[in-house]
Structures are given as C-alpha cells and as structure tokens.
Amino acid sequence: MNFLLTASGLRNETLRDALRDMLGKPFGSANIVFVPTASVAEPGDHGWFVADMNRLHGLGWREFDVLELNGLPRQLVLDRLLRADVIYVEGGNHYHLARSITGNGLADGLLEALESRVYVGVSAGSMVFSRHLTAHSADVIGDTTDLHVLGATTVEPPFGLFDWYLKPHLYSPDFPERDDAWADRIAARADFPIYFIDDETAVRVRDGKVDVISEGRWRLHQ
C-alpha cells in the first residue's frame, strides 16, 4: 500500500514529485477520484476547499472524478474507487470521515482498493488510518468539539493500520495557535507517537516503510 499523507494537499513540487514517483506514470495518463466527505461537516468558509480542488484539477488528470461516500450504494462507491489510480481524500472533520467509512461498510473494500492504488490524504483524510483515532486521542489532542458536533461521544478507527497519529497544520497561518508550545502541550499528554506536520510536508508510507518528505517543518513525538 502507498500513502502520501499531507496537511494541505500537493502544495509544492516535492510533494507532487513524490506522487508521480509512487504512481509510476504521468498525471495525464491517470484517473483520480476526489473524496470531499470530510469537508461537508466543517463549518464556515470553504475557500480552502475550492482552492485545493482547483489546484489538484490543474495537474491535468486523464479523468477527475468526485465521489461522496454517503448516500450512494456501497458497491457503486467501491466501483468508482476501483476506477481510479489515485484516491484523494480531502480535509475537514476527520471524525465525520471515519464514521462515514465505518457506517457505510467501506473499510474492507477501501483497503482492498489501496492494494494497487495510491492514497493521498489531506488533513482529515490523512488522519483516519491511525489505530489511535479514538475518543481518548480526541481528549489528548483537544478536538473533542469536532466529535461532539456530530452528536457523538465515541469513534472507531476505520482501519487501525498505523501505531502513530498525524496532526496537521503545524505553524500554519490558518491555525495560528499551532506553534511549538501547542505541540509541546499535546506531546506531554500523549501516550502514542505523533507526527506534527506543516502545510508543506507529508508522511509517506510505501510498502510499509515510513518517511517524511518536506519543503517545510515537522516534528515527531515518540
């Protein structure tokens, strides 16, 4: 399985080159499916969403599909995922995304699709593979509000593939509170490893090997 787990998408050439390498062919010869599910649970202005989708579309794919995970027959969703070479899952509310995957019975089918495809996550889309995506981690990270807004107090990790957690948008001007002191406070409470990454960084998982590629800054708490 090949994962490129970003905070804000393919923001720089280093990240785009990494995807080309993982894909093994030009973007113009590949199909991509864009999954906006997490974004619909995020309140407020969605200019960030429009900008990221436009940036992604501008890379010139052979086919650019958009697929919502809720409200469609399960097999139709899986068939659309299987048609793509790249599965690109947008940011927003990671708890809504996780609950959409489990609630629609998509976890096993998505994992099967990923055996021969590249997964690109953006923020929430990068966070759903950790086994630590739980109510406990919500308390540790300090984002229980994002869970409670869904009328929920618990969440099950859809996949549980990674023993580490990813927290995006370190040093981001859109999240001015996410500085070193913020990361230090979370790290002091955490009983699991955390990658803190900025908007120019990705955690890459390729055939089980994990590394970080970046034109920015990141931290690993172990």
Side-chain angles (χ1 to χ4, degrees), residues 1-42 44-94 96-98 100-101 104-107 109-129 158-159 166 168-169 174 197 199-206 213 215:
M1 295 184 183
N2 294 308
F3 300 86
L4 191 63
L5 305 176
T6 78
S8 293
L10 305 173
R11 291 275 294 260
N12 57 61
E13 196 60 31
T14 297
L15 299 180
R16 292 189 287 272
D17 283 346
L19 179 56
R20 287 188 190 95
D21 180 56
M22 297 169 84
L23 184 58
K25 57 184 174 182
F27 296 153
S29 300
N31 295 345
I32 190 167
V33 60
F34 179 92
V35 178
T37 298
S39 70
V40 300
E42 192 72 15
D45 183 80
H46 276 58
W48 57 271
F49 170 86
V50 175
D52 189 50
M53 187 165 67
N54 285 339
R55 180 168 52 239
L56 182 67
H57 182 263
L59 296 178
W61 303 90
R62 179 175 61 192
E63 180 179 286
F64 188 97
D65 190 13
V66 177
L67 175 65
E68 167 57 42
L69 299 183
N70 293 298
L72 294 172
R74 176 181 180 274
Q75 192 58 51
L76 176 60
V77 171
L78 295 178
D79 288 345
R80 296 264 291 275
L81 293 173
L82 290 171
R83 182 177 172 84
D85 301 291
V86 177
I87 297 172
Y88 188 101
V89 181
E90 186 57 88
N93 186 310
H94 51 300
H96 176 64
L97 177 59
S100 297
I101 293 167
N104 291 305
L106 297 172
L110 183 53
L111 284 180
E112 184 176 347
L114 290 177
E115 291 178 2
S116 55
R117 287 158 185 83
V118 181
Y119 180 97
V120 179
V122 180
S123 192
S126 295
M127 300 169 71
V128 292
F129 291 93
F159 307 106
L166 186 148
H169 308 304
D174 295 324
I197 65 171
D199 292 345
E200 304 295 331
T201 299
V203 176
R204 176 173 54 187
V205 184
R206 193 168 193 177
I213 52 176
E215 289 190 13

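Keep in mind that what you see is a predicted model, and the values were worked out from it rather than measured.
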Could you check if a side-chain atom of [X] sits within less than 4.5 angstrom of a side-chain atom of [Y], using non-hydrogen atoms only?
X    : Y    : value
S8   : W48  : no
W61  : V86  : yes
V118 : I87  : no
T6   : I197 : no
E90  : F49  : yes
D17  : R20  : yes
V203 : F3   : no
D85  : I32  : no

Kindly indicate, with the supporting measurements, whether the criterion side chain to side chain contact (heavy atoms under 4.5 Å, CB included) is fulfilled by V205 and N2.
CA-CA 6 Å; V205 184; N2 294 308; over 6 Å; no

Report yes if the distance between the aromatic ring centroids of Y88 and F64 is under 6.0 Å, otherwise no.
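No, the ring of Y88 stays outside the 6.0 Å limit from the ring of F64, centre to centre.
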
Taking 4.0 angstrom as the limit, do [X] and [Y] come out as a salt bridge?
X    : Y    : result
D79  : R74  : no
R11  : D52  : no
R80  : D65  : yes
E112 : R117 : no

Intermediate values then yes/no, side chain to side chain contact (heavy atoms under 4.5 Å, CB included), Y119 and L5:
CA-CA 8 Å; Y119 180 97; L5 305 176; 4.0 Å; yes

Answer with yes or no whether the side chains of [Y] and [X] bring together a donor and an acceptor at under 3.5 Å.
X    : Y    : value
N104 : N70  : yes
T14  : E215 : yes
D199 : H169 : yes
T37  : H96  : no

So which heavy atom on L23 is nearest to which on A30, and how close?
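For L23 and A30, the tightest heavy-atom pair comes out as CD2-CB, 3.7 Å.
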
Please name the pair of heavy atoms, one in G125 and one in L97, separated by the smallest distance, quoted to 0.1 Å.
CA-CD2, 3.7 Å

Spatial distance of atom CG (L78) from atom CG (L72) [nearest 0.5 Å]
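With rounding to 0.5 Å, CG (L78) is 11.0 Å from CG (L72).
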
Value rounded to 0.5 Å, distance of CZ in R62 from CG in N31
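These two atoms lie 4.5 Å from each other.
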
How would you list, by chain and number, every residue that makes a salt bridge (Lys or Arg N to Asp or Glu O under 4.0 Å) with [X], sequence neighbours excluded?
X    : result
E42  : none
E63  : R83
E115 : none

Pair V66, V33 - check side chain to side chain contact (heavy atoms under 4.5 Å, CB included), show working.
CA-CA 6 Å; V66 177; V33 60; over 6 Å; no

Would you check, one step at a time, whether the test side chain to side chain contact (heavy atoms under 4.5 Å, CB included) holds for V120 with V89?
CA-CA 6 Å; V120 179; V89 181; over 6 Å; no

